[in-house]
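Because only heavy atoms are used, hydrogens play no part in the values below, and waters and symmetry mates are left out as well, while side chains stay in. Atoms within each ligand, like the ligands themselves, are counted from 1 in listed order.
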Amino acid sequence: LTRSSGEGRSERPVIAIHAGAGDHGAELRGHEDECHAALLEALESARTALDQGLDATHAVQAAIVVMENFELFNAGRGATLCSDGAVEMSAALMRGSDRAAGAVAVVHHTENPILGARAVLDSPQVLVVGVPADELAAQAGVPQLPNEHFITERQRERLRDAAAELDRATVGAVCLDGEGLLAAGTSTGGIRGQPPGRVGDCPVIGAGTWADGHAAISCTGDGEAFIRCTAARHVAALVERGASVDAAAAQALQLVAELKFTGGLIAVDGEGNVALPYITSVMPRGLWRAGREPTTWVL
Ligand code: ASP
């Protein structure tokens with residue numbers, strides 16, 4: 001079963017965001033208002049970037065910064081903890097026009113990992129990991145904080161509680177701007193209890209994050225499966241060959257399901273068609289299109 005909502009076609013620009021596909025509905029219940037507010041703020045921040053004349057990559061990073069700063073989402077402060085109790089974060093940003101891409105993984109100190117990914121995108125490299133990734137972000141002016149800053153009591157308790165649902169609140173954004181430029185970004189703390197050094201799909205270009213001239217995609221879910229399916233790139237390749245973004249997105253999730261894993265994704269094509277499918281029970285998400293009111297969904 002592929003659930004979906006908010007899809008359709010419209011004038012550009014268009015911005016779509018997600019805050020993780022999973023079965024963590026019980027975890028979100030009681031926090032719906034805060035989540036809606038954070039999603040709306042993220043859409044608003046992206047829109048402000050576009051209003052200021054910035055391009056789709058800036059809109060994507062603006063939306064993700066807001067979601068990284070929101071403690072109930074699994075990115076930035078409040079991210080899920082590794083088995084050793086530390087937070088390790090990853091993020092990626094990709095521009096469709098020239099496939100410029102930047103990603104960081106296993107960062108411990110960078111306040112907003114998506115801004116670290118931006119610094120890599122602006123460098124000759126594509127993926128930088130560990131201490132040098134934090135250092136590169138620092139050189140680009142991104143504040144560096146002790147790892148304890150990112151660790152919340154809520155996540156400490158969840159690490160202790162083996163029965164707690166997996167944290168599926170990775171965040172992502174895709175945008176088609178007024179000039180027709182596509183961009184995608186994703187940011188995560190990974191999966192609760194992951195061994196230190198484990199990296200999921202989020203910073204793996206083509207797996208969790210992808211943008212080219214045809215589509216921009218950000219994925220969430222069981223990262224290993226999304227890597228094994230190169231899920232994000234798969235969506236864009238199908239769109240390039242003439243599939244609708246809906247059909248392409250559903251097919252990528254089908255590949256993930258065939259491996260017996262789950263997740264969701266958001267995708268926008270060069271005409272502003274959007275797909276927001278997920279094969280889990282929830283995927284908080286939001287959509288704003290030119291000339292319309294922003295819409296958010298939590299449960
Ligand atoms: N895809 C992320 C990872 O595997 C987790 C998630 O989306 O919840 O690290």
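Listed by chain and number, the residues in a ring pair (Phe, Tyr, Trp, His ring centres under 6.0 Å) with Phe226 amount to none (sequence neighbours excluded).
For residues 82-91, the side chain to side chain donor-acceptor pair (under 3.5 Å) pairs, not counting sequence neighbours, are Glu88-His108. Listed by first then second residue, pairs satisfying side chain to side chain donor-acceptor pair (under 3.5 Å) with a partner in residues 41-55 read Asp55-Thr57, not counting sequence neighbours.
The pair Glu27-Arg154 counts as a salt bridge, with a side-chain nitrogen and a carboxylate oxygen less than 4.0 angstrom apart.
Results of the side-chain hydrogen bond (donor to acceptor under 3.5 Å, both in side chains) test with Thr186 over Thr220, Thr170, Thr209 single out Thr209 as the only residue that passes.
Residues with a heavy atom under 4.0 Å from ligand 1: Asp167, Arg168, Thr170, Gly190, Ile191, Arg198, Gly200, Asp201, Thr220, Gly221, Gly223.
In Glu179, the CD atom is not crowded: 12 or fewer heavy atoms of neighbouring residues, nucleotides or ligands sit closer than 6.0 Å.
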